[in-house]
Amino acid sequence: MALMERQKVVLAKADAPSNIAIVKYWGKQAIQEPVNPSISFTLSRARTETKVSYTAVRKELKIDFLFEGKRKKAFIPKLEKLIQALLPRMPFLQSGELFIESSNTFPHSSGIASSASAMAALVKGLYSIHQQLSQDDDSKMDAQKISAMARLGSGSACRSTLPGWVLWGETAEYASSSNLYGCSINELVHPLFLQLQDSILLIRSGAKSVSSSAGHALMKDHPYRQGRIQQANKHTAELLRALKMGDFTAFAGICEAEALSLHGLMMSSSPPYTLMAPESLAAIETIRSFRLQHNIPLTFTLDAGPNIHLIYPNEVKQEVLPFIEDCLKPLCENKTVIYDELSIQ
Ligand code: PMV
């Protein structure tokens with residue numbers, strides 16, 4: 001009877017959205033802590049869905065991982081690292097069989113933050129298994145705890161466990177900010193910035209030539225390291241101000257400076273590398289000249305990849321959509337644009 005009980009399969013389903021950073025996290029210290037604060041908003045449609053099943057049948061932990069129905073051995077080392085880090089909080093991970101199935105609503109490793117949504121969904125799933133096994137009747141997940149655990153999988157994942165605008169990393173501008181978890185800052189954000197569109201121009205969907213982990217590591221001895229940390233802190237203060245005031249012009253300035261600085265840091269790393277494609281630059285030029293010509297509030301950012309996130313308030317959607325269809329879609333791989341938006345839920 002006791003044995004049967006131990007072999008019971010425990011199931012959990014979880015999902016988490018991707019997020020797009022406006023002030024970028026670039027460079028790590030200690031255990032997955034950022035060298036500078038970052039601010040992002042959580043998306044609505046670009047998500048990872050994860051199913052976890054666990055059976056306590058073995059002395060050592062065995063992990064099986066399927067991504068979009070296919071066995072992905074390449075993910076196992078990342079998973080093992082996360083599981084090691086979670087062990088003190090989730091002792092069940094010491095032994096047994098763990099079967100994880102994960103799928104994305106967007107192309108994997110396309111520069112849309114797939115590790116953020118994947119790690120956030122996985123941690124939520126594992127935490128649910130932990131709660132079921134320990135008969136923890138506190139079904140309300142503690143937001144800080146979940147965010148801190150997701151951070152151990154991927155830094156930016158700690159911002160994907162919360163809706164809307166999230167600040168991660170210590171800053172004098174926000175008293176309860178922390179390097180360990182993300183903080184929801186929606187309460188200080190002007191309504192204009194709570195209804196943002198993010199149309200993701202898929203310039204290239206393939207895997208990146210240099211991973212974000214390698215990029216973070218290159219910041220350790222980067223010649224512009226100190227300048228970058230100062231810039232990110234300044235941008236954090238300025239962005240918080242712009243978000244409070246509803247100042248789209250200031251927002252756009254910070255957003256673009258951050259995106260181009262991120263790619264500039266990559267180009268000036270040792271060794272240097274580029275993740276932008278010629279079409280990324282063409283899209284940037286097209287966006288800037290459309291804005292100049294029509295005086296419509298819109299801006300762009302890039303993650304660590306060639307794709308462009310075109311960001312604009314809901315109220316100009318009808319004017320921006322034909323521009324995307326006519327002028328930006330032709331620059332995208334297979335004319336693919338993912339129409340997403342900020343999610344406040
Ligand atoms: O969370 P990571 O290790 O995948 O790093 C993410 C880094 C950027 O996406 C480039 C910036 C950010 O803050 O999300």
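Here, residue 1 is the first one in the sequence, and each next residue gets the next number. As a basis for the values below, the full set of heavy atoms in this structure was taken, side chains included, without hydrogen atoms, waters or symmetry mates. Each ligand, and each atom within it, is numbered from 1 in the order the structure gives.
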Run the ring-ring contact (aromatic ring centres under 6.0 Å, His included) check on H216 and Y25 step by step: do they pass? CA-CA 9 Å; H216 286 295; Y25 145 58; 4.2 Å; yes
Any heavy atom of S115 sitting closer than 4.0 Å to ligand 1? yes
Whether the K28 and Q32 side chains hold a donor-acceptor pair (N or O, under 3.5 Å, no angle test) is what I'd like checked. yes
State, without any angle test, whether S44 and S343 hold a side-chain donor-acceptor pair at a distance under 3.5 Å. no
So between H263, K24, R159, whose heavy atom ends up nearest atom 14 (O) of ligand 1? R159
Between K145 and Y181, do the side chains contain an N or O donor and an N or O acceptor separated by less than 3.5 Å? no
With no hydrogens and no angle check, do the side chains of N314 and Q197 hold a donor and an acceptor under 3.5 Å apart? yes
If the cut-off is 4.0 Å to any non-hydrogen atom of A21, which atoms of ligand 1 fall inside it? 12 (C), 13 (O), 14 (O)
Report yes if some N/O of N19 lies less than 3.5 Å from some N/O of ligand 1; otherwise report no. no
Would you kindly say whether E256 and T301 are connected by a side-chain donor-acceptor distance under 3.5 Å? no
Hey, which atoms in ligand 1 end up nearer than 4.0 Å to a heavy atom of S156? 1 (O), 2 (P), 4 (O), 6 (C), 14 (O)
Distance under 4.0 Å to a non-hydrogen atom of G155: what atoms of ligand 1 satisfy this? 1 (O)
Please confirm whether the backbone N or O of S40 pairs with a side-chain atom of R159, one donor and one acceptor, at under 3.5 Å? no
Applying a strict 4.0 Å limit to heavy atoms, is S154 in contact with ligand 1? yes
Can you confirm, on distance only, whether ligand 1 has an N/O atom lying under 3.5 Å from any N/O atom belonging to W26? no
Would you mind listing which atoms of ligand 1 come within a distance below 4.0 Å of any non-hydrogen atom of H216? 2 (P), 3 (O), 5 (O), 6 (C), 7 (C)
Taking heavy atoms and a distance under 4.0 Å, where does S212 meet ligand 1: side chain, backbone, both or neither? side chain
